[in-house]
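For reference, the structure is listed below as structure tokens.
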Amino acid sequence: MKKRLLAAVMVAVTLLSGCGGGGNPSSSSSETPSNSSQEEVKVIRVGMDGETPGFSSLDENGEMVGLDVDIWKEIGKRTGYEIQFERMEFSSLFSLLDDGRLDTVANEISVTEERQKSYNFSDPAYFDRITFLSRADTEISDPKDLDGMSIGVEPASSDVEIVDAVDASLGITLNRVYYDGFSIQDVVLGRIDMWIKGETGALQVIEEMGSDKLKILYKTDVVFDCAYPFAKTEKGQELMELTNKALSEMREDGTLKALSEKHFGIDITTKEA
């Protein structure tokens, strides 16, 4: 009898433990609607790397903070869903979305034609211009001077597409260096010349590390819609529509703008003219 009871407990623990992934330890936090029993709670599993300053990162207490985190907490409050944040390496996020272990990804995700072939995207939550971060003492007099410089990019991100586009538009060749995670310290140390980053995130990194160490060397012409991808399934469609409704309400009542200003001091929820 005790053996059967122990086995039952072990099964229950396994079922409640959830699924992680990637090289980083998985950490979860959630916003649970009040006055709901465990059986009634519906969960949206949101993946992020926790290494994207301003959007998803860990505070001094190890809690996930950032614009994407706050947006999803608010979506949870408005929809009655529990939002479960899953932290893992960026390169793992979309593969876990593909196999159903995540419901969406919230990590300053840009909408590209290639990604739209595989996922349904929510309406844009915010917008960001792509920039190149460098050491503060790096100088160029013309964008073509970027030719041959090394730039850090993350696999499974839109970085490579953007660098390809910059190469083509300027007639240059940038030397891509692949990293699994955001490693701006290698720019500061001179191991690589640049890192690709959205302008708001770049300004956040400069503020944290110091303008004596980093600067925005080049602003591209690329401004991305940033949104949340969902699987092209019945469940994915349902969650996308639910998310769009909440985002629309948040835009209309000023919540999105307020959250943007909280994290960046500016409103990035409206696209530049």
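Computed over heavy atoms, backbone and side chain alike; hydrogens, waters and symmetry mates excluded.
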What do you reckon, is [atom1] of [X] surrounded by more than 12 foreign heavy atoms closer than 6.0 Å?
X: K257; atom1: NZ; value: no
X: D221; atom1: CG; value: no
X: K219; atom1: NZ; value: no

Taking V65 as the starting point, is it possible to reach I75 by hopping between hydrophobic residues whose side chains are less than 4.5 Å apart?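 Hydrophobic grouping puts I75 apart from V65.
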Same cluster or not: M149 versus L189, using hydrophobic residues (I, L, V, M, F, W, Y) connected whenever any side-chain heavy atoms lie under 4.5 Å apart?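 No, it is not one cluster - the side chains of M149 and L189 are not joined through contacts under 4.5 Å.
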With distance as the sole test, does [X] use its side chain to make a donor-acceptor pair with the main-chain N or O of [Y] at under 3.5 Å?
X: R87; Y: M48; answer: no
X: K235; Y: F230; answer: no
X: N61; Y: E63; answer: no
X: N244; Y: D123; answer: yes
X: N107; Y: T52; answer: no
X: D147; Y: T173; answer: yes
X: D70; Y: L67; answer: no
X: N175; Y: G148; answer: no

Is it true that Y119 and D98 share a donor-acceptor pair across their side chains at a distance under 3.5 Å?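 Yes - a donor-acceptor pair under 3.5 Å links their side chains.
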D68 versus S56, side-chain donor and acceptor atoms under 3.5 Å: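 The criterion, which ignores hydrogens and geometry beyond distance, is not satisfied for D68 and S56.
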Side chains of [X] and [Y], heavy atoms from C-beta outward: is any pair under 4.5 Å?
X: Y228; Y: D103; value: no
X: L214; Y: S134; value: no
X: V222; Y: V166; value: no
X: I83; Y: K73; value: no
X: I109; Y: R115; value: yes
X: L203; Y: I216; value: yes
X: L96; Y: E86; value: no
X: S91; Y: E154; value: no

Taking all atoms of both residues into account, what is the closest heavy-atom pair of [X] and [Y], and its distance?
X: P53; Y: E51; value: CD-O, 3.3 Å
X: S260; Y: T269; value: CB-CG2, 4.0 Å
X: A106; Y: V46; value: CB-CG1, 3.5 Å
X: V105; Y: P229; value: O-CD, 3.3 Å
X: L102; Y: L97; value: O-CD1, 3.4 Å
X: G198; Y: E108; value: CA-OE2, 3.7 Å

Salt-bridge contact [X]-[Y] (side-chain N to carboxylate O under 4.0 Å):
X: R135; Y: D137; result: yes
X: K213; Y: E208; result: no
X: K271; Y: D225; result: yes
X: D159; Y: R176; result: no

Straight-line distance of [X] [atom1] to [Y] [atom2], nearest 0.5 Å:
X: Y178; Y: S157; atom1: OH; atom2: OG; result: 9.5 Å
X: I162; Y: L174; atom1: CD1; atom2: CG; result: 12.0 Å
X: L239; Y: K42; atom1: CG; atom2: NZ; result: 9.5 Å
X: L133; Y: E199; atom1: CG; atom2: CD; result: 10.0 Å
X: T131; Y: M194; atom1: OG1; atom2: CE; result: 10.5 Å
X: L247; Y: I71; atom1: CG; atom2: CD1; result: 7.0 Å

May I have the step-by-step check of side-chain contact (heavy atoms from CB on, under 4.5 Å) for T104 and T243, ending in yes or no? CA-CA 10 Å; T104 190; T243 301; over 6 Å; no
Angle between ring planes, F132 versus Y218, binned at 30° and 60°: parallel, tilted or perpendicular?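 The arrangement is tilted - the two ring planes meet at 30° to 60°.
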According to salt bridge (Lys or Arg N to Asp or Glu O under 4.0 Å), who are the partners of E249, at least two apart in sequence or on a separate chain?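 E249: salt bridge (Lys or Arg N to Asp or Glu O under 4.0 Å) contacts with R78, K245.
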Evaluate the criterion salt bridge (charged side-chain N to carboxylate O under 4.0 Å, His left out) for residue pair D99 and R101; output intermediate values, then yes/no. CA-CA 6 Å; D99 68 17; R101 292 200 285 173; 3.5 Å; yes
Does any pair with a residue in residues 183-196 pass side-chain hydrogen bond (donor to acceptor under 3.5 Å, both in side chains), and if so which ones, sequence neighbours excluded?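 Qualifying pairs: S150-D193, Y179-D186, D186-R191.
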Is the distance between the ring centroids of F264 and F55 under 6.0 Å?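 Ring centroids of F264 and F55 are less than 6.0 Å from each other.
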Could you walk me through whether T112 and S158 pass the side-chain hydrogen bond (donor to acceptor under 3.5 Å, both in side chains) test, one step at a time? CA-CA 8 Å; T112 67; S158 58; over 6 Å; no
